[in-house]
Amino acid sequence: MRNFPVILSLFSMIFLACSPQERVDLIVYNAHVYTVDSTFSTAQAFAVKDGKFIAIGSDDEIQRKYKAKEKIDAEGKAIYPGFYDAHAHLFDEAELMDQVDLNGADSFEEVIQRVKSYQQKNPKKTWLIGGGWDQNRWKDKSFPTKELLDKAFPDIPVYLIRVDYHAAVVNSKALEWAKLTSIPIIHGGVVGGSNTIPNGLLIDNAMDLVNKTIPVPNEKEYLRMLKRTQDSLLSVGLTSIVDAGLSKERLSLLKKYYKDGALKFRDYAMILGNPQNIASFIAQGFYETDRLEIKSFKLLADGALGSRGACLLAHYHDAPTHGFLLHSPQEYENMIKAIAASTFQANTHAIGDSANRIILDIYGKYLQPHTDRRWRIEHAQIISPVDFDKFRKFQIMPSVQPTHATSDMYWAKDRLGEERMKGAYAYKHLLKEYGKLALGSDFPVEHFNPMYGFHAAVARVDKKGSPDQGFQMQDAISREDALRGMTIWAAYSCFQEKKRGSIEAGKDADFVVLEQDILKIPNEQLRNVKTTRTVIAGETVFNRQQQ
């Protein structure tokens with residue numbers, strides 16, 4: 001009987017060797033697989049069938065048990081769950097690719113020169129539209145106005161959006177087109193100018209006065225732009241995004257494109273929150289397919305820090321203003337109360353410490369203890385010390401964008417002063433309170449490459465490696481947590497953790513192969529890591545070798 005275990009083991013091996021192999025669609029082997037499961041385990045191989053992972057294990061286990069139509073030798077490369085951008089703006093990114101790219105312009109004169117060059121290449125355009133300027137980069141940091149635009153473009157309307165999408169500068173022709181001849185009173189926005197004459201600067205809600213008059217692309221044009229954007233997203237390993245606030249018109253387009261099979265990445269699309277949309281979409285109920293989900297609202301509490309539209313508890317360190325809310329607290333309470341009475345999720349853009357406090361408190365009023373609503377604060381950028389624990393107390397999830405910290409760090413202290421900076425871009429503190437972070441990019445405000453956000457989250461430096469010691473390193477997060485934030489925690493923030501976000505049996509077979517292991521290489525190499533292959537539901541949607 002002493003040899004019974006040995007005999008049983010030999011019998012098992014013979015039985016397995018003789019057992020017919022189960023047919024699957026795909027086997028990936030010779031890999032270093034980061035499953036991002038609950039124990040952060042690793043594996044060598046996995047099998048995929050009908051768009052789902054069905055087994056994860058060693059090379060020997062998977063290849064002995066399964067026979068596949070397709071096999072991928074990962075050649076020892078690292079594999080991760082498909083990357084998930086938890087806060088993005090798909091249509092804005094798509095439109096920007098057809099507009100003037102003003103990112104990185106070092107002066108308003110350079111902005112104008114770029115618009116001129118664009119016009120020469122696109123002489124049939126009836127509007128000149130661009131985005132990405134940032135006066136904080138310029139020697140003269142004051143906001144631009146229409147004067148230089150009028151000299152350069154007297155006969156065609158020009159609309160140029162700030163990098164944060166919370167301000168724009170337009171010329172006189174655009175003001176004329178919008179019939180904006182005087183300065184109206186705008187709640188939640190500013191029309192710049194003096195003596196009742198607009199100077200071309202529009203902040204937050206004031207932007208709509210001109211923006212609503214600009215011709216929009218037709219259905220066919222939008223699809224062309226979105227498919228081009230899709231190619232870019234897939235090339236950096238993004239398999240899922242959160243579309244942070246869409247009009248009913250854009251949601252209708254997405255439904256059609258996905259129904260027609262034109263788009264492949266997964267989109268958790270938030271409805272732009274206003275009383276009309278909230279009533280209408282709650283009545284309709286959830287919309288959910290394999291690739292598109294519409295079951296949440298996105299509210300906007302305030303503007304951005306760079307354009308001084310973020311709502312602060314005390315005045316700006318560099319200007320005699322507190323910023324402003326885009327709507328009254330009562331309006332937010334009415335909308336949140338309506339969402340609370342439904343099964344929809346609430347997500348609110350809040351930048352300033354006042355805006356965050358107001359929304360946290362209203363959320364807390366309507367969130368019942370121990371309920372799993374997963375309401376989110378988008379950005380959670382500046383938090384008063386006494387408000388951090390509300391994320392834990394009310395179980396409110398922070399959704400943050402690490403590259404905002406490394407983009408804003410050069411001028412944020414000018415806006416906030418020393419003391420308030422302690423609660424700004426405080427990702428580690430937020431993680432400690434809630435236990436999870438959803439990580440995104442806010443593209444096109446920042447670049448869509450998830451490696452940039454991963455690098456910013458763990459190293460707290462920009463693309464040049466500045467500052468040397470990192471920016472407020474007490475709020476850097478670990479590489480494991482950064483990976484969780486752009487996979488399983490991002491999925492969790494959308495109630496999807498049971499079907500994607502990790503490489504586990506039964507989940508969607510979304511994964512990405514990178515040329516280097518981002519859990520091991522030096523910080524300075526992270527931004528340059530390339531995606532080798534992107535797979536959604538077991539289908540390769542990007543392969544660098546075939547490009």
Side-chain angles (χ1 to χ4, degrees), residues 96 99-120 128-154 158-172 174 190-194 197-204 206-207 303-310 312 315-321 323 351 381-382 403-418 420-421 424-425 442 444-447 452 456 460-469 471-472:
L96 186 58
Q99 298 169 356
V100 193
D101 185 358
L102 304 175
N103 283 281
D106 289 323
S107 66
F108 194 46
E109 288 74 17
E110 182 180 342
V111 165
I112 290 172
Q113 189 53 53
R114 290 194 193 184
V115 179
K116 284 183 176 179
S117 298
Y118 176 87
Q119 185 183 32
Q120 290 173 359
L128 297 176
I129 302 171
W133 60 267
D134 182 359
Q135 85 285 356
N136 292 309
R137 296 180 55 90
W138 306 342
K139 186 176 180 180
D140 176 5
K141 298 186 185 300
S142 20
F143 282 100
T145 55
K146 65 181 181 178
E147 283 72 24
L148 292 180
L149 286 179
D150 286 348
K151 291 179 182 178
F153 310 101
V158 180
Y159 184 84
L160 307 178
I161 309 164
R162 192 180 183 276
V163 64
D164 56 16
Y165 279 72
H166 284 272
V169 61
V170 303
N171 66 349
S172 291
V190 174
V191 176
S194 60
I197 305 300
N199 66 8
L201 180 65
L202 307 170
I203 297 177
D204 284 307
M207 297 168 65
L305 190 66
S307 49
R308 296 191 186 90
L312 303 181
H315 65 73
Y316 278 76
H317 188 67
D318 59 358
T321 177
I351 300 287
Q381 200 160 294
I382 306 146
T403 45
H404 283 343
T406 52
S407 291
D408 298 357
M409 62 186 177
Y410 292 105
W411 50 263
K413 187 177 176 181
D414 295 337
R415 296 283 191 275
L416 298 175
E418 187 77 37
R420 277 183 296 199
M421 284 301 294
Y425 313 94
D442 201 14
V445 176
E446 304 282 356
H447 198 281
Y452 296 0
R460 302 279 287 198
V461 296
D462 65 11
K463 63 182 179 182
K464 298 177 183 177
S466 296
D468 290 340
Q469 303 304 315
F471 168 65
Q472 299 186 173

CA sep, side-chain torsions, deciding dist, call: Ile129, Val100, side-chain contact (heavy atoms from CB on, under 4.5 Å): CA-CA 6 Å; Ile129 302 171; Val100 193; over 6 Å; no

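Residues that satisfy the salt bridge (Lys or Arg N to Asp or Glu O under 4.0 Å) test with Arg308, not counting sequence neighbours, are Asp318. By the salt bridge (Lys or Arg N to Asp or Glu O under 4.0 Å) test, Glu147 is found to be paired with no residue, residues two or more places apart in sequence or in another chain being considered. For Tyr118, there are no ring pair (Phe, Tyr, Trp, His ring centres under 6.0 Å) partners at least two apart in sequence or on another chain. For Lys464, the side-chain contact (heavy atoms from CB on, under 4.5 Å) partners at least two apart in sequence or on another chain are Asp462, Ser466. The ring pair (Phe, Tyr, Trp, His ring centres under 6.0 Å) test applied to Phe108 returns Trp138, not counting sequence neighbours. Asp468 pairs by the side chain to side chain donor-acceptor pair (under 3.5 Å) definition with nothing, not counting sequence neighbours. Scanning for side-chain contact (heavy atoms from CB on, under 4.5 Å) contacts around Thr403 gives Thr406, Glu446, Tyr452, Ala456, with sequence neighbours left out. Every residue two or more places apart in sequence or in another chain that forms a side-chain contact (heavy atoms from CB on, under 4.5 Å) with Ser117 is listed here: Gln113. Take Asp164 and apply the salt bridge (Lys or Arg N to Asp or Glu O under 4.0 Å) test, not counting sequence neighbours, and it matches Arg162. Under the rule for a side-chain contact (heavy atoms from CB on, under 4.5 Å), the partners of Asn103 that lie at least two apart in sequence or sit in another chain are Leu96, Asp101, Val163. A search for side chain to side chain donor-acceptor pair (under 3.5 Å) contacts involving Ser142 returns Asp140, not counting sequence neighbours.
Taking both residues in full, the closest heavy atoms of Tyr316 and Ala304 are given as OH-O, 4.2 Å, listed atom of the first, atom of the second, then distance. What you find for Val158 and Asn171 is that their closest heavy atoms are N-OD1, 2.9 Å. Nearest heavy atom pair, residue Val111 against residue Ala105, reads CG2-CB, 3.7 Å. Taking each heavy atom of Gly417 and Met421 in turn, the nearest pair found is O-CG, 3.2 Å. Between Ile112 and Ala152, the shortest heavy-atom distance links the atoms CG2-CB, 3.7 Å. Heavy-atom minimum distance, Gln135 versus Arg415: NE2-NH2, 3.5 Å.
You'll find the side chain of Tyr165 reaches within 4.5 Å of the side chain of Val445, heavy atoms only.
A distance of 9.5 Å separates CD of Gln99 from CG of Leu160, quoted to the nearest 0.5 Å.
Within 6.0 Å of NZ on Lys463 lie no more than 12 heavy atoms contributed by other residues, nucleotides or ligands.
For the salt bridge (Lys or Arg N to Asp or Glu O under 4.0 Å) condition, the pairs that include at least one residue of residues 403-414, sequence neighbours left out, are Lys413-Glu418.
Distance alone, capped at 3.5 Å, places no donor-acceptor pair between the Asn199 side chain and the Thr145 backbone.
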